[in-house]
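Contents: one structure, followed by commentary.
We name chains A, B, ... by the order of the sequence lines, and we start the count at 1 in each one. Please read these numbers as outputs of a predicted model, since none were measured by experiment.
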2 protein chains.
Amino acid sequence: MLQPSNVTSLAERRLLHETVVDQLRDLIVQGELAPETKLNERVLAERLGTSRTPLREAIKFLASEGLVELLPNRGAVVAPLKPEKMQEVFVVLGALEALAGDLACRNAADADIADIRALHYHMLAHHARGELAQYFRYNQQIHQRIIDCAGNATLAQAWRAMNAHVKRARYLANLSGERWDKAVKEHEEMIEALTRRDGAKLQALLRDHLANKLVMVMEALQARKTEAAR
Amino acid sequence: MLQPSNVTSLAERRLLHETVVDQLRDLIVQGELAPETKLNERVLAERLGTSRTPLREAIKFLASEGLVELLPNRGAVVAPLKPEKMQEVFVVLGALEALAGDLACRNAADADIADIRALHYHMLAHHARGELAQYFRYNQQIHQRIIDCAGNATLAQAWRAMNAHVKRARYLANLSGERWDKAVKEHEEMIEALTRRDGAKLQALLRDHLANKLVMVMEALQARKTEAAR
DNA sequence: ATTCGATATTTTGCATACAAAAATCATTTG
DNA sequence: CAAATGATTTTTGTATGCAAAATATCGAAT
């Protein structure tokens, strides 16, 4: 007889360290912990309901992802959100997404493409209603699904790490109507290329899409900077 | 008055945790700790001359790089060296190196290219003498330098993480004379393209070069597998 | 008032302690 | 003799302790 109650036994067992990693990553990506915030171990450990040891392990883990910076004998800070870093991240992310797009065109099942198309229509709906937060959610899901369709877990992991940095910048990108429309149009073309399984085209579209995204993020960062200077 | 003795103060101060990360990474990459070896904390800490705390932090750090796997409540093991994983890594590495090659052709200083060319000749010399270990050393240095010339620290870090996996497989790749000659020839063309600053060409060459490297690694893995099966 | 310096406090980095889980081993039982 | 069971040991995961480094505080001197 099968053991239906047992299927989750291994997956469920989460280490405190991992939940701390996820919580802390969320805090950073959501901007709850602003860039360059000092991570006080005692305070943070209390806030997350653990002791310093698992928290320190989590900090080391996130340091490897580049979300926090370690300062010898001075603890750790949330990684600064520098324009130069953003440029670098977008260049790498462009290469990874382009690769993923190409692979997805070869490997995706028809059902996967249908799913992505469905997500796309959801996104269109939220765009039409001007619902930015939900638009972003579906947008992220679409990109995530394209990566997953590439069928390369190593690529997916590298992408996630890079994308975390982009997500962090997202909350300060106030999409102007014009830019938003353009982004949607680009998505339209991407879905088309994916449906036609035109890898070369999708690759190019993803590159352009990310390049435009970078421009928006850079403008937002510039705006934040001038705002901070006044 | 200036404080000339102070210039190294910040850089020099290394955390025990970091030296442990480096030591442990080396042990894994060099194959001293074989794939799937269980990492006993007490034993390893003693071997590296520290306590369990910094060791555990190092393990978490390397887990993020994918060199060790965490097993809930069962510690950690050196990441297995699976053919599927290798394929994935090489695909991603191909995209990263191609990108780096393209960027290097734009951004490298003439002096950098001259340096790389010099490394290339060193490598040729060791190839001619059949000195495999030294050949590998210069080979790695050349690839590293190309990445560096791209002028993208984020790219460089992502590359290093991927490359660690490849390095790990290297020690079991018994270069046959024929394959070795071919690899050298490919390097010859790469240097040429870089000198001409032909980014598109270098990109393509790097892709092919890595694809061939993958074939060699896969054969070696296959050989090891059949050997283990007897 | 500002800067410097000594002292007190906090915080980090590492080691150790302790409880819970896993692994091992011996014993028993079918 | 193999499998199962239970006790024992080992190992992991987390908390805590302690020394060293960094930071803050306060007062004195220019």
Inset, instruction - Would you please classify the geometry between the A/His187 ring and the A/His120 ring as parallel, tilted or perpendicular, with 30° and 60° separating the classes? - result: parallel
Inset, instruction - Give the nucleotide from the list C/dA15, C/dG13, C/dA22 with an atom nearest to the side chain of B/Thr50. - result: C/dA15
Legend entry - Of residues 36-46 of chain B, the positions that come close to DNA chain D - non-hydrogen atoms, cut-off under 4.0 Å: B/Lys38, B/Leu39, B/Asn40, B/Glu41, B/Arg42
Legend entry - Test side-chain hydrogen bond (donor to acceptor under 3.5 Å, both in side chains) applied to A/Glu131 - qualifying residues, sequence neighbours left out: A/His126, A/Arg129
Legend entry - side-chain hydrogen bond (donor to acceptor under 3.5 Å, both in side chains) contacts in which one or both residues fall within residues 42-52 of chain B, not counting sequence neighbours: B/Glu41-B/Arg52
Legend entry - Base C/dG13 paired with A/Arg74 side chain (donor-acceptor, <3.5 Å): no
Inset, instruction - Look at all strands and tell whether B/Leu55 reaches a base, only sugar-phosphate, or nothing, counting heavy atoms closer than 4.0 Å. - result: nothing
Legend entry - Geometric class of the B/Trp180/B/Tyr135 ring pair [parallel <30°, tilted 30-60°, perpendicular >60°]: perpendicular
Legend entry - Separation of atom CD1 in B/Ile59 from atom P in D/dT12, rounded to whole Å: 8 Å
Inset, instruction - Starting from C1' on D/dG13, measure out to CZ on B/Arg52 and report it in whole angstrom. - result: 7 Å
Legend entry - Interatomic distance, B/Leu70 CG vs D/dG13 P [rounded to whole Å]: 8 Å
Legend entry - Given C/dC14, D/dT14, C/dA22, the nucleotide with the shortest approach to the side chain of A/Ser51: D/dT14
Inset, instruction - Whole angstrom is fine here: how far is it from NZ in A/Lys60 over to C1' in C/dT12? - result: 9 Å
Legend entry - side chain to side chain contact (heavy atoms under 4.5 Å, CB included) between B/Leu33 and B/Leu39, worked out: CA-CA 9 Å; B/Leu33 289 172; B/Leu39 300 179; 4.0 Å; yes
Inset, instruction - Round to the nearest Å and state the distance from A/Asn73 atom CG to D/dA21 atom P. - result: 7 Å
Legend entry - Among D/dG13, C/dG13, C/dA15, the one nearest A/Arg56 by side-chain distance: C/dG13
Legend entry - Distance-only side-chain donor-acceptor flag, B/Asn163 / B/Gln144, under 3.5 Å: no
Inset, instruction - Might you confirm whether atom NZ of A/Lys82 has over 12 heavy atoms from other residues, nucleotides or ligands at distances under 6.0 Å? - result: no
Legend entry - A/Thr53 vs D/dT14: side-chain N/O to OP1/OP2 distance below 4.0 Å: no
